[in-house]
Chemist: 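Next up is a structure, given as structure tokens.
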Amino acid sequence: MVAMKALIIAAASVASRGRRPDWIQDGWLLEEVMYKCETVPTWDAHGAETCRGNPGQGACFSLSKGVYWACSSNPHNCVRDKFDGACLISGHPGYQQAADYNGVPPAPSPTPPVPSPAPPSPPAPDAVIGWNPSGPVVGGGKWCQVNSVGSSFDLRQHCAQHHGGASFRVKVLTYNLFWWNLFGQRHGNGGSAGHNIRDSVRGEAYDLMGFQECENLDWVLGDAGLAGQYGRVLGQHATCLAYRSATWDLIASARADVAEDQPSQYYGRREAEWVRLRHKGTGKTMFFVNHHGPLPVNSGGVCGGQGTAFNLLKLIGENAHKSDTIILVGDFNSDGNSETVKTLSNFLAHSYIGTKFNGVDNFFTNCAQAIERSNLGGAGSDHDALSVVFQVS
């Protein structure tokens, strides 16, 4: 191959000076190994002088007794014409780059194999949605201030890649348990909240549950007859999240503060906790968020309604993946007229809203379809338990 490349260079040099050897035709040189004729062993003592009168041509040489060498304007034909190979005499412009014969009769280069098609590229890893805000800061210089994002962050834009495979139902509950009163003062009221959950199962267990004003999840699930059936994430500010272990595998979970009450009605910071889950039957993934919003109602707390909304969206963007179905529930302490709910509705579908306190209990999703909605009543709480069945495809 070194010799071939060198000869191509030599031929190009000759052509650049206006001379083109007549043996360089149809790219033949790419398929031949060229030797210096005097290095080729032969029975014919004069073989190497065969083309002395026409040094621009190559010679077809033979290693077999009785077969005389021949000049050729296209040495590509040498092997095809039963010669053993091709060589150049000392007057040929490519002679200096030709190879010394190595003692093994040359053979035509084999036809290069047709390369196999490249295997398909593996699918890109399932990427985190990401959070790259470019809008103005909202939050008034408080700890919870956050940069805003525009419509390009719309979480519904990823829905097309969710379709395919089996679809399935996901039953979801949100319930503010009015803990200080219902459990603190009335000691659970005979298990009324738990019984409300139990009675609403109706042959279809809850997949996901988000509780606000929840200080002992085991108490609630025990009253509902569901002890030992749910994994959980417990917040730091009286929130609880539960997922059905028989249906879902846990991938990741965490919680974060996203807002804080204003001084006029202050109970502290407000949080959201989340789980990322894999559905055991289909392998599809879910990102479920439970939130209890700041007071006063519709204020959005110290960072305002937009600040609370963008902190929730930031939590989702930094932790959810593009393939995830996202469901966000809770007592937002914000109704449909608030900046919090209006802002979230620009990026998620607002699937259901309760009636208590003008509708502060809410469901949002990116891609799931709400196919059943139920208001289960309060059963001793000042908030109604709300249930939605989603179709995930």
Chemist: Would you say the side chains of T239 and E271 form a donor-acceptor pair under 3.5 Å?
Modeler: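 E271 and T239 do have a side-chain donor-acceptor pair below 3.5 Å.
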Chemist: Determine whether more than 12 heavy atoms belonging to other residues, nucleotides or ligands lie under 6.0 Å from atom NZ of K280.
Modeler: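 More than 12 heavy atoms, drawn from other residues, nucleotides or ligands, come within 6.0 Å of this atom.
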Chemist: For the atom pair CG (L386) and CZ (F363), what is the distance rounded to the nearest 0.5 Å?
Modeler: 5.5 Å
Chemist: Between D335 and F357, is any pair of side-chain heavy atoms under 4.5 Å apart?
Modeler: no
Chemist: What pair of heavy atoms forms the shortest contact from N362 to V341, and how long is it?
Modeler: ND2-CG2, 4.2 Å
Chemist: Can you list the steps and then say if W179 with V220 is a side chain to side chain contact (heavy atoms under 4.5 Å, CB included)?
Modeler: CA-CA 11 Å; W179 195 274; V220 179; 3.7 Å; yes
Chemist: Evaluate T325 against N366 for side chain to side chain contact (heavy atoms under 4.5 Å, CB included), listing each step before the verdict.
Modeler: CA-CA 7 Å; T325 296; N366 60 340; 4.1 Å; yes
Chemist: Counting distance only, does the side-chain N/O of K142 pair as donor-acceptor with the main-chain N or O of A259 below 3.5 Å?
Modeler: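 Not at all, since once roles are kept as given, no pair shorter than 3.5 Å links the two residues.
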Chemist: Considering all heavy atoms of both residues, which atom of D361 and which atom of D384 are nearest to each other, and what is their separation?
Modeler: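 Between these two residues, the closest heavy atoms are OD2-O, 4.4 Å.
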Chemist: At their closest point, which heavy atom of V40 faces which heavy atom of F61, and how far apart are they?
Modeler: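 Residues V40 and F61, closest heavy atoms: CG1-CD1, 3.5 Å.
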Chemist: Hey, is the main chain of G293 close enough, under 3.5 Å, to the side chain of R270 for a donor-acceptor pair?
Modeler: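 A pair under 3.5 Å: yes.
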Chemist: Indicate yes or no for a side-chain donor-acceptor contact from Y230 to the backbone of Y206 under 3.5 Å, with no hydrogens or angles considered.
Modeler: yes
Chemist: If only atom types and distance count, is the side chain of Q157 paired as donor or acceptor with the main-chain N or O of S152 below 3.5 Å?
Modeler: yes
Chemist: Would you call R169-E204 a salt bridge at under 4.0 Å N-O?
Modeler: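 E204 and R169: salt-bridged.
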Chemist: Looking at G307, is its backbone amide N or carbonyl O close enough to the side chain of N311 to form a donor-acceptor pair, meaning the two atoms are under 3.5 Å apart?
Modeler: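 Pair found, side chain donor or acceptor close to backbone of G307.
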Chemist: If I compare all heavy atoms of P294 with all of N333, which pair ends up nearest, and what's the gap?
Modeler: O-CB, 3.3 Å
Chemist: Nearest 0.5 Å, please: how far is CG in L182 from NE2 in H383?
Modeler: 12.0 Å
Chemist: Does a salt bridge link K356 with D382, judged by any charged N lying under 4.0 Å from a carboxylate O?
Modeler: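 No, this pair does not count.
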Chemist: Taking the inter-plane angle between the rings of Y175 and F211 on a 0 to 90° scale, is it parallel (under 30°), tilted (30 to 60°) or perpendicular (over 60°)?
Modeler: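 Answer is tilted, since the angle falls between 30° and 60°.
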Chemist: Step by step, would you call F390 with D207 a side chain to side chain contact (heavy atoms under 4.5 Å, CB included)?
Modeler: CA-CA 10 Å; F390 292 96; D207 289 274; over 6 Å; no
Chemist: Indicate, with yes or no, if the rings of F332 and H291 have centres closer together than 6.0 Å.
Modeler: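 Yes.
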Chemist: Enter the distance from F153:CZ to I129:CD1 here, rounded to the nearest 0.5 Å.
Modeler: 6.0 Å
Chemist: Walk me through whether W248 and H279 qualify under side chain to side chain contact (heavy atoms under 4.5 Å, CB included).
Modeler: CA-CA 5 Å; W248 300 92; H279 187 251; 3.5 Å; yes
Chemist: I'd like to know if the side chain of T340 and the backbone of G305 have a donor-acceptor N/O pair within less than 3.5 Å.
Modeler: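 Checked: pair present.
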Chemist: To the nearest 0.5 Å, what is the distance between CG (L177) and SG (C240)?
Modeler: 7.5 Å
Chemist: Side chains of T174 and Q212: any donor to acceptor distance under 3.5 Å?
Modeler: yes
Chemist: Determine the minimum heavy-atom distance between S351 and A370, stating which atoms define it.
Modeler: CB-CB, 4.2 Å
Chemist: Return the minimal non-hydrogen interatomic distance between G330 and N290, and the atom names on each side.
Modeler: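 Closest heavy-atom pair between G330 and N290: CA-OD1, 4.2 Å.
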